[in-house]
Q: 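I'd like to ask some things about the structure below.
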Amino acid sequence: MAKVLCVLYDDPTDGYPTSYARDDLPVIDHYPGGQTTPTPEAVDFTPGQLLGSVSGELGLRAYLEGAGHTLVVTSDKDGEGSVFDRELVDADIVISQPFWPAYLTPERIAAAKNLKLAVTAGIGSDHVDLDSAISHGVTVAEVTYCNSISVAEHVVMMTLSLVRNYLPSYQVVLDGGWNIADCVARSYDLEGMHVGTVAAGRIGLAVLRRLAPFDVKLHYTDRYRLSEDVERELGLTWHESAEDMVPHCDVVTINAPLHPETEGLFGDKLLAQMKRGAYLINTARAKIVDRDAVDRALRSGQLAGYAGDVWFPQPAPADHPWRTMPHHGMTPHISGSSLSAQARYAAGTREILEAFFAGRPIRDEYLIVDGGALAGTGAHSYSVNK
Ligand code: NDP
């Protein structure tokens, strides 16, 4: 029997919800491209419930305990003597979400002698040291596609929010004001702008598709080119590298995983190559950009706006400079944890666990590391330190 250690974010400050804003979720059984949404044998939750917080338990308790396993759920994941560190020592499986990542460092992986499986209930397994997972034979799996569209919607929202100066204008209303000029002195139309994505995978391509009807000029860079049909359909311009692409763009959105090739990509040098007054949207991972270089670029006017929901570390400390830099539209890490997304990644986590316990292969598209090497999606989209 296995010990499953699940690290989830805290419940709402006024307690776990007893009712919700809406009564149902749309039924989605396929993602764009045809991959099926998760197919566990059963789930023990109602889609639309809060599942990603401690009391939501990803809907896993009845299933795991019914099968004789032990489930430990905590939000206490960092700092000396955390519950996570204490419980990790004999855990067989760790589950955490990128929004509240249980950082599986080399030291922690070495200390977790029984660890066989690290599940990311979401997408993006950079909180797991993949080199150590490989060398210790730990399988790493994530619920590929579960929240890609959720994030793409967030990117579109943030793009429009920055370009049209939505958040400061909303603040004027909250403050009881009506100075139109204060609102519009930084407000533009997106129409006609050049928008580029760093990476056109599931999220990046979904962003391009969603922005095409705004009559923008679309650009992308990726390690592999999209098909000619897709390039033609969306009128895409491909660039060899981010360095080649950014001078052409009014808006740049980052949709690549964090791995050695992308870490620190947007530093002073690349930011200086962007058009003055460009907007940068990063819902991928904070460490793809240089924290202080972004702050400087906003203060100098090199960037007109920065938005996203990814920080390092998470949770971000109260004095993190991105909380107070000018012209930002940051949120906590929420884009991939809508109630809609939670239903999919909770079901996907259950599907992964069912396969693991039954000794069946985990879907190839969910795998990042398996059998001591990058595998499945991980082999395609990630790199490790050589
Ligand atoms: P995909 O694997 O579908 O796409 C990632 C794309 O990035 C692939 O096309 C990959 O290229 C490309 N890529 C990798 N390295 C580079 C590079 N050095 N330069 C250019 N392109 C590169 O993943 P998703 O689109 O679903 O997710 C992307 C990332 O978004 C996740 O890894 C995660 O970090 C983040 N994310 C954030 C969420 C949030 O809540 N904010 C939620 C979900 C994801 P190729 O395949 O061609 O090698």
Q: A side-chain contact here means heavy atoms from C-beta on lying under 4.5 Å apart; do Ser337 and Tyr9 qualify?
A: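 Yes; the side chains approach each other to less than 4.5 Å.
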Q: Using the rule side chain to side chain contact (heavy atoms under 4.5 Å, CB included), only one of Val151, Leu208, Ile149 pairs with Ile203; which is it?
A: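 Exactly one option meets the side chain to side chain contact (heavy atoms under 4.5 Å, CB included) with Ile203, and it is Val151.
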Q: Say whether Tyr345 and Thr120, considering side chains only, have a donor N or O and an acceptor N or O under 3.5 Å apart.
A: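 The criterion, which ignores hydrogens and geometry beyond distance, is not satisfied for Thr120 and Tyr345.
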Q: Taking His127 for its side chain and Leu104 for its backbone only, find out whether a donor-acceptor pair lies under 3.5 Å.
A: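 Flag not set: sc His127 to bb Leu104 has no pair under 3.5 Å.
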Q: Would you kindly say whether Asp370 and Thr139 are connected by a side-chain donor-acceptor distance under 3.5 Å?
A: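 Side-chain D/A pair, Asp370 to Thr139: present.
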Q: With no hydrogens and no angle check, do the side chains of Ser150 and Asn147 hold a donor and an acceptor under 3.5 Å apart?
A: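 Side-chain D/A pair, Ser150 to Asn147: absent.
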Q: Donor-acceptor pair, distance only, cut-off 3.5 Å: does the side chain of Arg209 make one with the backbone of Leu205?
A: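 Here the side-chain-to-backbone pair does not exist.
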Q: Please check if the number of heavy atoms outside Tyr16 that lie under 6.0 Å from its OH is greater than 12.
A: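 Yes.
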Q: Taking the side chain as every heavy atom from C-beta outward, state whether Phe266 and Val246 have any atom pair closer than 4.5 Å.
A: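 Phe266 reaches Val246 side chain to side chain.
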Q: Determine yes or no for a side-chain-to-main-chain donor-acceptor pair under 3.5 angstrom, with Thr37 supplying the side chain and Ile28 the backbone.
A: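 Yes, Thr37 side chain to Ile28 backbone: donor-acceptor pair under 3.5 Å.
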Q: Is there side-chain contact between Leu280 and Leu271, with at least one heavy-atom pair below 4.5 Å?
A: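 The answer is yes, as the side chains (C-beta and beyond) meet within the 4.5 Å cut-off.
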Q: Please work out whether the ring planes of Tyr306 and Trp322 are parallel, tilted or perpendicular, with thresholds of 30° and 60°.
A: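 Taking Trp322 first and then Tyr306, their aromatic rings sit tilted (interplane angle of 30° to 60°).
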Q: Classify the side-chain pair Thr283/Asp309 by whether it contains a donor and acceptor separated by less than 3.5 Å.
A: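 No donor-acceptor contact under 3.5 Å links the two side chains.
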Q: Could you report the tightest heavy-atom contact between Pro315 and Asp78, atom names first, then the distance?
A: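 Pro315 and Asp78 have their closest heavy atoms at CD-OD2, 4.3 Å.
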Q: Taking the side chain from Lys3 and the backbone from Glu87, do they hold a donor-acceptor pair closer than 3.5 Å?
A: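 Yes.
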Q: Begin with the C-alpha distance, continue with both residues' side-chain angles, and end with the deciding distance and a verdict on salt bridge (Lys or Arg N to Asp or Glu O under 4.0 Å) for Asp44 and Arg350.
A: CA-CA 10 Å; Asp44 301 314; Arg350 167 101 178 234; 3.2 Å; yes
Q: Can you tell whether the side chains of Lys77 and Asp85 come within less than 4.0 Å, N to carboxylate O?
A: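 The answer is no: the pair does not qualify as a salt bridge.
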Q: Tell me, yes or no, whether the heavy-atom count around Asp23 atom CG, taken from other residues, nucleotides or ligands under 6.0 Å, exceeds 12.
A: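 It does not: Asp23 CG has 12 such atoms or fewer within range.
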Q: Can you see which heavy atom on Cys249 is nearest to which on Ala278, and at what distance?
A: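 Of all heavy-atom pairs spanning Cys249 and Ala278, the closest is O-CB, 3.9 Å.
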Q: Using only heavy-atom distances, determine whether the side chains of Thr36 and Arg363 contain a donor-acceptor pair under 3.5 Å.
A: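 Yes, because at least one side-chain N or O of Thr36 sits under 3.5 Å from a partner of the opposite role on Arg363.
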Q: side-chain contact (heavy atoms from CB on, under 4.5 Å) for Tyr31 and Arg344? Distances and angles first, verdict last.
A: CA-CA 11 Å; Tyr31 300 113; Arg344 287 188 293 272; 3.7 Å; yes
Q: Are there over 12 heavy-atom neighbours, none belonging to Tyr103, within less than 6.0 Å of that residue's OH?
A: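 Check passes, neighbour count above 12.
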Q: With distance as the sole test, does Asp126 use its side chain to make a donor-acceptor pair with the main-chain N or O of Leu258 at under 3.5 Å?
A: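 Not at all, since once roles are kept as given, no pair shorter than 3.5 Å links the two residues.
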Q: Do Leu60 and Thr349 have side-chain heavy atoms sitting under 4.5 Å apart?
A: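 Yes, close enough: below the 4.5 Å cut-off.
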Q: Is any side-chain N of the basic residue among Glu243 and Lys269 closer than 4.0 Å to the acidic one's carboxylate O?
A: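 Lys269 and Glu243: not salt-bridged.
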Q: Quick one: are His333 and Pro98 in side-chain contact, heavy atoms under 4.5 Å?
A: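 With C-beta onward as the side chain, the pair touches.
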Q: When you measure from the side chain of Arg186 to the backbone N and O of His327, does any donor-acceptor pair fall under 3.5 Å?
A: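 Answer holds: no.
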Q: Are any non-hydrogen side-chain atoms of Asp131 and Pro106 less than 4.5 angstrom apart?
A: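 No; the side chains remain at least 4.5 Å from each other.
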Q: Do the side chains of His320 and Phe312 get nearer than 4.5 Å, heavy atoms only?
A: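 No, their side chains stay 4.5 Å or more apart.
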Q: Examine distances only and state if a side-chain atom of Gln342 and a backbone atom of Gly52 form a donor-acceptor pair shorter than 3.5 Å.
A: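 Yes: the side chain of Gln342 pairs with the backbone of Gly52.
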Q: Would you check if there is a donor-acceptor pair between the side chains of Ser125 and Glu142 at a distance under 3.5 Å?
A: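 There is such a pair (donor and acceptor under 3.5 Å, judged by atom type) between the side chains of Glu142 and Ser125.
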Q: Show your reasoning for whether salt bridge (Lys or Arg N to Asp or Glu O under 4.0 Å) applies to Asp295 and Arg299.
A: CA-CA 6 Å; Asp295 186 14; Arg299 291 183 194 283; 2.8 Å; yes
Q: Using a 3.5 Å distance criterion without hydrogens, assess whether the side chain of Glu41 forms a donor-acceptor pair with backbone atoms of Glu354.
A: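 Not confirmed, Glu41 side chain does not pair with Glu354 backbone.
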Q: For Arg22, look at atom CZ and say whether over 12 heavy atoms of other residues, nucleotides or ligands are found less than 6.0 Å away.
A: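 Counting other residues, nucleotides and ligands, CZ of Arg22 stays at 12 neighbours or fewer.
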Q: Quick check: does any side chain N or O of His69 sit under 3.5 Å from a backbone N or O of Ala2, one acting as donor and the other as acceptor?
A: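 Yes, because the side chain of His69 sits within donor-acceptor range (under 3.5 Å) of the backbone of Ala2.
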Q: Against His194, only a single residue in His219, His248, His239 fulfils ring pair (Phe, Tyr, Trp, His ring centres under 6.0 Å); can you say which?
A: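 Of the listed residues His219, His248, His239, the ring pair (Phe, Tyr, Trp, His ring centres under 6.0 Å) partner of His194 is His219.
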Q: Supply the atom-to-atom distance Leu211 CG to Thr197 OG1, rounded to the nearest 0.5 angstrom.
A: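 Nearest 0.5 Å value for the CG-OG1 distance: 9.5 Å.
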Q: Assess whether atom OH of Tyr188 is packed by more than 12 heavy atoms of other residues, nucleotides or ligands within 6.0 Å.
A: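 No.
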Q: Hey, are the side chains of Trp100 and Val7 touching, using non-hydrogen atoms and a 4.5 Å cut-off?
A: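 Of all side-chain heavy-atom pairs linking Val7 with Trp100, at least one is under 4.5 Å.
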Q: Could you go through His136 and Leu115, starting from their C-alpha distance and side-chain angles, then the distance that decides it, and tell me whether this counts as side-chain contact (heavy atoms from CB on, under 4.5 Å)?
A: CA-CA 9 Å; His136 285 79; Leu115 188 63; over 6 Å; no
Q: State which residue, out of Val128, Leu130, Val138, fulfils the side chain to side chain contact (heavy atoms under 4.5 Å, CB included) condition with Val369.
A: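 Considering Val128, Leu130, Val138, a side chain to side chain contact (heavy atoms under 4.5 Å, CB included) with Val369 is found only for Leu130.
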Q: When you look at Tyr145 and Thr377, which way does the side-chain contact (heavy atoms from CB on, under 4.5 Å) test go after all the steps?
A: CA-CA 11 Å; Tyr145 233 142; Thr377 291; over 6 Å; no
Q: Is there a path from Leu236 to Val156 through hydrophobic residues (I, L, V, M, F, W, Y) whose side chains come within less than 4.5 Å of each other?
A: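 In one cluster: yes.
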Q: Please check: side-chain N/O of Ser338 versus main-chain N/O of Ala341, any donor-acceptor pairing under 3.5 Å?
A: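 Confirmed, Ser338 side chain pairs with Ala341 backbone.
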Q: Given side-chain contact (heavy atoms from CB on, under 4.5 Å), test Thr253 with Met158 step by step and report yes or no.
A: CA-CA 10 Å; Thr253 153; Met158 289 185 148; over 6 Å; no
